Every structure is written in structure tokens, then in C-alpha cells.
Amino acid sequence: MTAPQDVDTAQMRARYPDVFDRPASARLAMPAMIVAALAILVYGLVDLDFSPSRLFAGLSQLGWISLMMIPPDPGSSLPIYLKALGETLSIALLGTTLAALFALPVSLLAARNIIPSQILRFPVRRFLDSIRGVDTLIWALVWINVVGLGPFAGVLAIAVSDFGAFGKLFSEAIEGADQKQVEGIRASGGSALHEIRFGLLPQVLPVIAGQVLYFIESNTRSATIIGIVGAGGIGLQLAEQIRVLEWQKVSFLILMILVAVAAIDFISGKLRFAIIGRRAVA
Amino acid sequence: MDPALSLLTSHSSLMTVAVSILPEQQLAALNAAYRQAVSRRRLRLLLGAGVFAAALVLAAIGAEVNLRTFFTYFGNFISYFDRILTLDNGQRVWADVGEWFWGLRKWLKMLGETLLISYVGTLIGAIFAFALNFFAAENTSPSSWLRFVVRRLLEFARTVPGIVFALIFVIAFGLGPMAGVLAIAIHSTGALGKLFSEIVENADMKPVEGIRSTGASWLSCMRFAIVPQVTAGYASYALLRFEINVREASVMGFVGAGGIGQELVVAIRKFYYSDVSAILITIIVTVFIIDISTGWLRGRLFGKEART
């Protein structure tokens with residue numbers, strides 16, 4: 001065995017050719033990718049009408065807008081805004097609950113350990129996928145066409161788009177459940193429904209509850225957005241105030257949204273901990 | 001019969017080995033404790049359900065839920081899908097695909113613009129996030145007040161929805177894709193900055209110590225000790241963000257910030273029914289293709305690192 005200092009570079013080079021002489025393709029791959037990425041970036045900037053003059057004009061405009069936002073001031077419309085905020089929270093809560101209620105039975109149909117047949121499962125999964133592929137805002141526009149402007153359209157929009165997401169998440173939670181408890185129920189003579197009720201649901205429900213709470217949290221944000229297209233809530237007020245350039249009210253509304261989201265984060269964090277308990281933490 | 005008692009008796013009757021039954025007194029105490037524990041849990045569950053139901057009722061009043069409207073108009077929802085799948089001449093859309101996708105060339109151009117918006121927005125956001133994340137990470141930030149400021153900044157950027165930024169930018173920068181790009185860039189900066197700094201927090205600090213011991217500056221420490229460890233993770237998250245941003249960019253047009261959303265909102269508002277379904281299908285297919293190809297790319301580029 002040769003000591004390391006006895007090995008000269010030439011010998012090492014002969015023994016490990018791929019360490020010393022990486023092929024040109026490997027050495028050039030990274031720079032080539034970076035150049036390509038930057039080239040597309042430059043093309044995009046040109047194609048999307050980015051010009052320095054426009055950028056600076058816009059930035060100075062933005063600076064003015066930010067200055068005019070200070071201090072945040074609701075004027076005399078504070079009660080209206082509080083009501084709108086309540087509406088937004090209601091939309092998030094109702095929409096998420098509705099979605100979860102409808103998604104639970106459907107997610108059973110999409111879970112491998114409940115429905116073993118691929119033929120049955122496949123259409124359910126694709127159905128959920130395509131619902132998820134359509135943005136909440138688009139669903140809001142569709143529901144506005146159906147039930148008219150207002151928060152109710154927002155509830156339905158969130159319910160439909162979350163239905164797709166929940167269906168997938170729940171079915172994954174069900175597939176991840178421990179089969180032994182289900183087998184135990186079957187061994188003691190339980191029917192298929194008993195298996196689901198006593199073997200599966202006790203395992204799955206805490207996971208599902210955690211996900212539902214998390215979605216209520218993130219839907220507070222979505223519910224703000226869908227207001228912008230006319231589906232009620234604080235987003236509607238925000239969009240209106242931006243359009244009439246009432247910047248102090250705009251900044252007040254944005255602050256309200258941030259505070260509400262932070263509060264919901266805090267509450268649902270506590271609740272999730274209480275429901276899932278230390279099991280999830282440990 | 002009490003659950004605990006029945007369990008014991010059934011055991012003793014089934015098994016030939018005699019199981020000594022607890023004395024009556026002890027058993028009663030155990031059963032009482034069991035029942036108490038169960039009833040306490042039931043009560044808590046019931047209370048929770050009650051509070052939740054009350055919150056739902058309140059929410060229903062707040063959101064002006066009107067079940068009568070819902071049931072009268074629910075037919076409209078179904079028939080809406082019937083209508084968007086019918087051409088102007090009364091035929092089903094798939095009877096004449098050429099007529100259904102009459103504007104395909106225009107829509108594909110808008111779709112290309114959408115992809116470009118999300119690409120440029122993601123890349124600018126990633127660059128800013130890259131520049132900021134070392135200041136936000138616990139282990140690399142040069143000072144704690146800087147970390148606090150950068151973290152609050154990133155939090156603000158990701159909590160305010162992208163479309164709200166777009167609304168404001170449309171007024172500052174004028175209508176068009178530029179507002180959309182900047183809105184997406186800011187939102188991505190917030191989201192990626194957080195994820196990036198979490199990667200940095202998980203990085204091995206020994207290389208940093210090694211480089212610092214040679215007397216290198218903070219910048220060189222980052223460049224030669226941290227960056228080589230984290231680039232793969234960064235690129236993976238940036239690709240994931242690109243996927244999300246494609247969806248986001250497809251609705252930016254709703255507020256006039258460029259892309260296919262503009263066409264869609266016009267079609268929906270003006271009741272060009274078959275156009276709605278055609279544009280929706282083009283969007284869904286594109287999102288699907290992007291999801292699959294970035295997934296493939298991530299596996300291809302970072303599969304090895306992820307596995308080891």
C-alpha cells in the first residue's frame with residue numbers, strides 16, 4: 001500500500017480520470033443553464049414592455065402612493081370595514097366547512113385502501129384534479145354569474161375549489177392510515193362501514209381536522225382576494241378604495257387584513273395543537 | 001353491562017385458563033373512573049361541536065347565505081356548464097372543435113405572455129430572495145436587528161396577496177404585464193425568502209468555521225461555505241414557485257395586469273360561453289403540462305441530492 005505522499009499527481013490522474021478531467025458537457029452545463037435562464041429573462045423583459053424610463057416613472061409614482069398611505073386612516077367607514085372583515089372571515093369559515101363536509105365521502109372513493117379498483121378510482125381523482133386546476137378567482141366569477149354578486153358567491157367559490165384540494169389531501173391521509181386497526185375490526189366481524197367508522201376515522205380525523213384548520217387560515221387570505229372580483233368581503237372594499245385612489249383607507253384595509261390573518265394564524269395554531277395534541281409534535 | 005365487566009367475563013368464559021375476576025368493589029371503582037373519563041371527553045367534544053355550530057350559524061348570517069337563492073339558482077350552476085359546452089349555433093362544442101377553439105392562436109399568444117410573466121416574476125423574486133435570505137437566517141445574519149427587519153419585510157411581502165399588489169401596481173405602472181410581473185416578483189420574494197432562509201438554517205456550519213478561520217470576510221463565508229450547500233435546494237424551491245406562479249399569473253389579467261386572465265374575464269363577463277370553456281381548458285392543460293415538466297426537471301436535476 002502506498003502512502004498518500006508517494007502518489008504523484010499523474011498517477012492519481014490516471015487512476016481517477018473522471019475527477020480530474022470532467023467531460024466538457026458536465027463543466028459547461030451549469031454556465032450554459034445560467035446563460036439560457038438570463039437570456040429568457042432579458043427576452044421576457046423586452047417582450048413585456050419593461051423599459052427603464054417606465055420603471056422609474058412607476059417607482060416614483062409608487063413612492064408617492066406609499067407616502068400618501070401614511071398615516072392609515074379609515075375615515076368614517078370603520079364600521080363598514082369591520083362588517084366587511086366579519087364577512088370575509090365568515091366566507092372562509094363556511095366555505096372551508098362546506099368543502100370538508102362534501103370532500104370526506106368523495107375522498108373515501110379516491111383512496112387506494114378503500115376502493116382497490118383502479119377503474120373506479122381514476123375518474124374520481126381526475127375529477128378532483130380538474131377542479132383544483134381552476135383558480136378560486138375563476139370559480140368566484142362563475143358563481144357570481146349563478147347566484148349574483150355578494151359574499152354567498154364567495155362561499156360557494158371557496159367551497160368548490162377547496163373541495164378539490166381536500167379530496168386529494170383527505171384521500172392521502174386515509175391511504176397513510178394504519179391498516180392493522182381496520183383488520184382488527186374485520187377480524188371481530190365488523191362490516192365495511194364498521195371498518196371505516198371504528199378502524200379508519202379515529203386515525204384520520206385528527207389529521208383532517210388539522211388540515212381543515214390550516215385551510216381556514218389560508219382561506220382568510222383567499223377570501224380577501226375573491227372580493228376583488230365582486231364576491232363580497234373586505235376585498236371588495238379594498239378594490240373599490242384602490243380604484244378611487246383613497247390611499248389612506250387602502251393602507252388601513254391592508255393593515256386590517258394583516259392583523260386578521262395573524263390573529264387567525266395564532267388561534268388556529270392553538271386549536272390545532274389542542275386537537276392533534278402532542279402526538280403530532282413528538 | 002359495563003364494558004370493563006363484560007370484557008372480563010367474556011374472557012373468563014371463553015378461555016379455559018381462569019382469569020381471576022376483580023372483587024366487586026374494585027371493579028365498580030374502575031368502571032366509575034372509566035365512565036367518568038369517557039363522559040368528560042364526550043362533554044368536551046359536544047362543547048366543541050356546539051361552539052363550532054354557533055360559529056357556523058353566525059358566519060352564515062354574516063355571509064348572507066340564502067338557501068332559497070341557492071336552491072333556485074343551483075340549476076343555473078349546472079346549466080352554466082351546459083351552456084359553456086354549447087356553441088353559438090346550438091351544437092355541442094366537440095362537434096366542431098375548429099369553431100370551439102377559433103381563437104386558439106390568440107389565446108396561445110396570451111398564454112405565452114402568462115408563462116413569460118411568471119418566469120420573469122419568479123426569477124426576479126428568486127434573485128431578491130437570494131440577496132435577502134442570508135440576513136433572515138438565524139445562523140448567518142450579521143446582526144439581530146437586521147434579521148428582524150428583513151424577516152418582517154419578507155412576511156409583509158408574502159402575506160399581502162399578489163393580486164392586491166397587482167391592483168396597486170396597475171395604477172402606478174399602468175395597465176399591462178409589467179404590473180403583473182412586479183406583483184408576482186414581490187410575492188415570490190416573500191415566499192422564497194422564507195424557504196431559502198430555512199434551507200440556510202439547516203446548512204452545515206463547519207465549512208463556515210473553516211473559512212472564517214482563514215480570516216475571510218462575511219461575504220466570502222457565504223459565497224464559499226453556504227452557497228455550495230444550498231443551491232440545489234434553492235433551485236428546487238424556485239421551480240416549485242414557478243409552478244405556483246403560472247396559476248397566479250393566469251388570473252393577473254382579472255385586474256388588468258396582463259396574460260390570459262384578461263381574455264377569460266372578458267369571456268365570462270360578456271357571456272361568450274363556448275370561449276369560457278375553451279380558455280379554461282387551455283389554461284388547465286398548460287398548468288398540467290408545466291406541473292409535469294417541472295416535476296420531471298426537479299427529479300432530473302436534484303434527484304441525486306435528494307436521495308443522498
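Since the model is a prediction, treat every value here as computed from it, not as a measurement. Throughout, a chain's letter reflects where its sequence line sits, starting with A, and its residues are numbered from 1.
- When the candidates A/D49, A/I91, A/T97 are compared by the number of heavy-atom contacts under 4.5 Å with chain B, A/T97 comes out ahead.
- B/L123 touches chain A through its side chain: at least one heavy atom from C-beta onward sits under 4.5 Å away, while N, CA, C and O do not.
- Tested against B/V120 for a side-chain contact (heavy atoms from CB on, under 4.5 Å), the candidates A/L45, A/V42, A/I40 yield a single pass: A/L45.
- Identified under the salt bridge (charged side-chain N to carboxylate O under 4.0 Å, His left out) test for residues 281-291 of chain B, with sequence neighbours left out: B/R247-B/D291.
- Both the backbone and the side chain of A/A239 have a heavy atom closer than 4.5 Å to some heavy atom of chain B.
- Here the shortest heavy-atom pairing between A/L137 and B/F254 reads CB-CE2, 3.7 Å.
- Nearest heavy-atom pair, B/P177 versus A/L48, reported as atom, atom and distance to 0.1 Å: CB-CD2, 3.7 Å.
- Looking at A/L89, there are no atoms closer than 4.5 Å to chain B (heavy atoms on both sides), in backbone or side chain.
- Note that CG of B/L58 and CG of A/L93 are 9.5 Å apart. Values are rounded to the nearest 0.5 Å.
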Legend entry - Stepwise side-chain contact (heavy atoms from CB on, under 4.5 Å) test for A/D135 and B/E248: CA-CA 8 Å; A/D135 197 272; B/E248 181 111 6; over 6 Å; no
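- Annotation: B/R44, atom CZ; neighbour count of heavy atoms from other residues, nucleotides and ligands within 6.0 Å does not exceed 12.
- For a heavy-atom cut-off of 4.5 Å, chain B lies close to A/I228, A/V229 in residues 226-237 of chain A.
- A donor-acceptor pair is defined here as one N or O able to donate and one able to accept, closer than 3.5 Å; such a pair exists between the side chain of B/Y119 and the backbone of A/A37.
- In terms of heavy atoms, B/A59 sits closest to A/S90 at O-CB, 3.2 Å.
- Each of A/T88, A/V261, A/N145 has some count of heavy-atom pairs under 4.5 Å with chain B, and the biggest count is that of A/N145.
- In terms of non-hydrogen atom pairs under 4.5 Å with chain B, the most contact-rich of A/I138, A/V250, A/V147 is A/I138.
- Atom CZ of B/F288 has 12 or fewer heavy atoms from other residues, nucleotides or ligands within 6.0 Å.
- Counting heavy atoms of neighbouring residues, nucleotides and ligands inside a 6.0 Å radius, atom CZ of B/F128 does not exceed 12 of them.
- Atom OH of A/Y214 sits in a sparse spot, with 12 or fewer heavy atoms from other residues, nucleotides or ligands closer than 6.0 Å.
- Of the listed residues A/R54, A/K83, A/R243, A/R132, the one with more heavy-atom pairs under 4.5 angstrom with chain B than any other is A/R54.
- One distance of note links CZ of A/F50 with CD1 of B/I124; it measures 5.5 Å at 0.5 Å rounding.
- Note that the CG atom of A/L141 and the CZ atom of B/R269 stand 5.5 Å from one another [nearest 0.5 Å].
- For A/I65, the part sitting under 4.5 Å from any heavy atom of chain B is the side chain, from C-beta outward, and nothing else.
- Scanning all heavy atoms of the two residues, the minimum distance from B/F156 to A/L258 falls at CD1-CD1, 3.7 Å.
- Residues of residues 47-57 of chain B that come closer than 4.5 Å to chain A, counting heavy atoms only, are B/F52, B/A55, B/L56, ordered by residue number.
- Interface remark: A/L238 contributes side-chain atoms only to the contact with chain B (heavy atom separation under 4.5 Å).
- A/W64 does not touch chain B: none of its heavy atoms, backbone or side chain, sits under 4.5 Å away.
- Only the side chain of B/L264 comes within less than 4.5 Å of a heavy atom of chain A; its backbone N, CA, C and O stay farther away.
- For A/I254, the part lying near chain B is the side chain, with the backbone staying farther off; criterion is any non-hydrogen pair under 4.5 Å.
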Only distances under 3.5 Å count here; give the side-chain donor-acceptor pairs of residues 157-175 of chain B to other protein atoms, sequence neighbours excluded, each with its distance to 0.1 Å.
{"unit_1": "B/R158", "atom_1": "NH1", "unit_2": "B/G190", "atom_2": "O", "d": "3.4"}
{"unit_1": "B/T159", "atom_1": "OG1", "unit_2": "B/E155", "atom_2": "O", "d": "2.6"}

